[in-house]
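When reading the values below, keep in mind they use all heavy atoms of this one structure, side chains included, and skip hydrogens, waters and symmetry mates. Residue numbering restarts at 1 for every chain, and letters A, B, ... go by the order of the sequence lines.
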Protein chains: 2
Amino acid sequence: MSKIKETSTNFANKQALADECPEAYAANIIGGQWALVICSWLFNGKLRFGELRKLLPNITERMLTLQLRKLEEHKIVKRTVYAEVPPRVEYELTAIGYELKPIIKQLEEWGAKHKAQNIN
Amino acid sequence: MSKIKETSTNFANKQALADECPEAYAANIIGGQWALVICSWLFNGKLRFGELRKLLPNITERMLTLQLRKLEEHKIVKRTVYAEVPPRVEYELTAIGYELKPIIKQLEEWGAKHKAQNIN
DNA sequence: TAAGGTACTATAAAAAATGTAAGTAATGAG
DNA sequence: CTCATTACTTACATTTTTTATAGTACCTTA
């Protein structure tokens, strides 16, 4: 992913915030550029790497990999590799990942409402 | 805030995502390092700049300003300046900003649960 | 005259996130 | 042998976000 500098002020601040504020902790986990959208697609069921890539037309393979790895690391998604050639890898939400569904749905509703309000 | 390069791929991607996915749109608005926590404090009522700064011990004045400006720009918070000396500026949530409360609360609950689960 | 308090701004630098382009392994099809 | 397929990885470049540090204007009080 690129290593985070554990000596940086930024790292210390994130740590401290995440310790005290579960909402900041959560934001760190699902806060990537594509994380929420990836989760949204996965709410409908498991998907292969290539399927996700097609669903997210502008994402690069690198970013897709990075985001999936981060999500996996935080136990939001489960990765299953099938020993085939060409390879097949499937991603699906874990139980705790799936629990994001109502939250993301509400966030969608809020976003849609906000967007409608701020059209000039 | 620093200008965003409207010619960058990153900008284009964010735009496209925000257009299609209200949840990505929302994440762009409340996605800064401190935004959620600022909102959390403001759910309890209006606060002055200096009060917020004290509540967020590690934030720099610059970051606080930037985040508040962004929130203000998106109509999440309302800024009121009193023509006094020394100056007094109060921040409070708008109606749509206040509507984030249940969402952030759920995110907090999710975060707390996730954190508890992932203690080794 | 000087100091103090408040809410900032300016500038630079560091760190983090994202994007670009190329390459890899394994195997089956032709 | 060569090519295609899939899910990556790597090295590097660019962009965005965050931090650091030092100011500013204003009026009041001492």
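- One interatomic measurement links the two molecules: CE of A/Met63 to P of D/dT16, which rounds to 14 Å at whole-angstrom precision.
- Rounded to an integer number of Å, the gap from B/Leu66 CG to C/dA10 C1' is 12 Å.
- The minimum heavy-atom distance linking B/Ala112 with A/Pro22 is given by the pair N-CB, 3.8 Å.
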Using the 3.5 Å cut-off, write out each protein N or O paired with an N or O of nucleotides 13-15 of chain D and the distance between them.
{"from": "D/dT15", "atom 1": "OP2", "to": "B/Lys5", "atom 2": "NZ", "distance (Å)": "3.2"}

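- For B/Glu20, the side-chain contact (heavy atoms from CB on, under 4.5 Å) criterion is met by no residue, not counting sequence neighbours.
- With rounding to whole Å, A/Leu56 atom CG is found 13 Å from C/dT18 atom P.
- To the nearest angstrom, P of C/dT18 lies 13 Å from CG of A/Leu64.
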Short heteroatom pairs, N/O only, protein and nucleotides 1-7 of chain C, under 3.5 Å:
{"from": "C/dT6", "atom 1": "O3'", "to": "B/Arg48", "atom 2": "NH2", "distance (Å)": "3.1"}
{"from": "C/dT6", "atom 1": "O3'", "to": "B/Pro87", "atom 2": "O", "distance (Å)": "3.0"}
{"from": "C/dA7", "atom 1": "OP1", "to": "B/Arg48", "atom 2": "NE", "distance (Å)": "2.9"}
{"from": "C/dA7", "atom 1": "OP1", "to": "B/Arg48", "atom 2": "NH2", "distance (Å)": "2.9"}
{"from": "C/dA7", "atom 1": "OP2", "to": "B/Gly50", "atom 2": "N", "distance (Å)": "2.9"}

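- Listed by chain and number, the residues in a side-chain contact (heavy atoms from CB on, under 4.5 Å) with B/Gln33 are A/Asn10, A/Lys14, A/Leu17 (sequence neighbours excluded).
- Heavy atoms only, all atoms of each residue included: A/Ala35 and A/Ile30 are closest at CB-O, 3.7 Å.
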Give every donor-acceptor pair under 3.5 Å between a side-chain atom in residues 96-105 of chain B and any protein atom, sequence neighbours left out.
{"from": "B/Tyr98", "atom 1": "OH", "to": "B/Lys101", "atom 2": "NZ", "distance (Å)": "3.4"}
{"from": "B/Glu99", "atom 1": "OE1", "to": "A/Lys113", "atom 2": "NZ", "distance (Å)": "3.0"}
{"from": "B/Glu99", "atom 1": "OE2", "to": "A/Lys113", "atom 2": "NZ", "distance (Å)": "2.9"}

For this session: Please report the C-alpha distance between A/Tyr91 and A/Leu71 in whole Å, then the side-chain angles of each, then the deciding distance to 0.1 Å, and finally whether the side chain to side chain contact (heavy atoms under 4.5 Å, CB included) criterion is met.
Result: CA-CA 10 Å; A/Tyr91 293 91; A/Leu71 257 15; over 6 Å; no
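- Between A/Ser40 and A/Glu108, the shortest heavy-atom distance links the atoms OG-OE2, 4.0 Å.
- Between B/Gln67 and B/Trp34, the shortest heavy-atom distance links the atoms OE1-N, 3.9 Å.
- Residue A/His74 comes nearest to B/Asn118 through the heavy atom pair O-ND2, 4.2 Å, listed as atom of the first residue, atom of the second, then distance.
- Checked for salt-bridge contact, B/Arg88 and B/Glu90 meet the test: a charged N lies under 4.0 Å from a carboxylate O.
- Contacts between residues 12-39 of chain B and DNA chain C, defined by a heavy-atom separation below 4.0 Å, involve B/Asn13, listed by number.
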For this session: Show your working on side chain to side chain contact (heavy atoms under 4.5 Å, CB included) between A/Thr65 and A/Arg69 and close with a plain yes or no.
Result: CA-CA 6 Å; A/Thr65 301; A/Arg69 286 287 186 284; 4.1 Å; yes
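- To the nearest angstrom, P of D/dT17 lies 15 Å from CD1 of B/Ile59.
- As a whole-Å value, the separation of B/Tyr82 OH from D/dA25 P is 26 Å.
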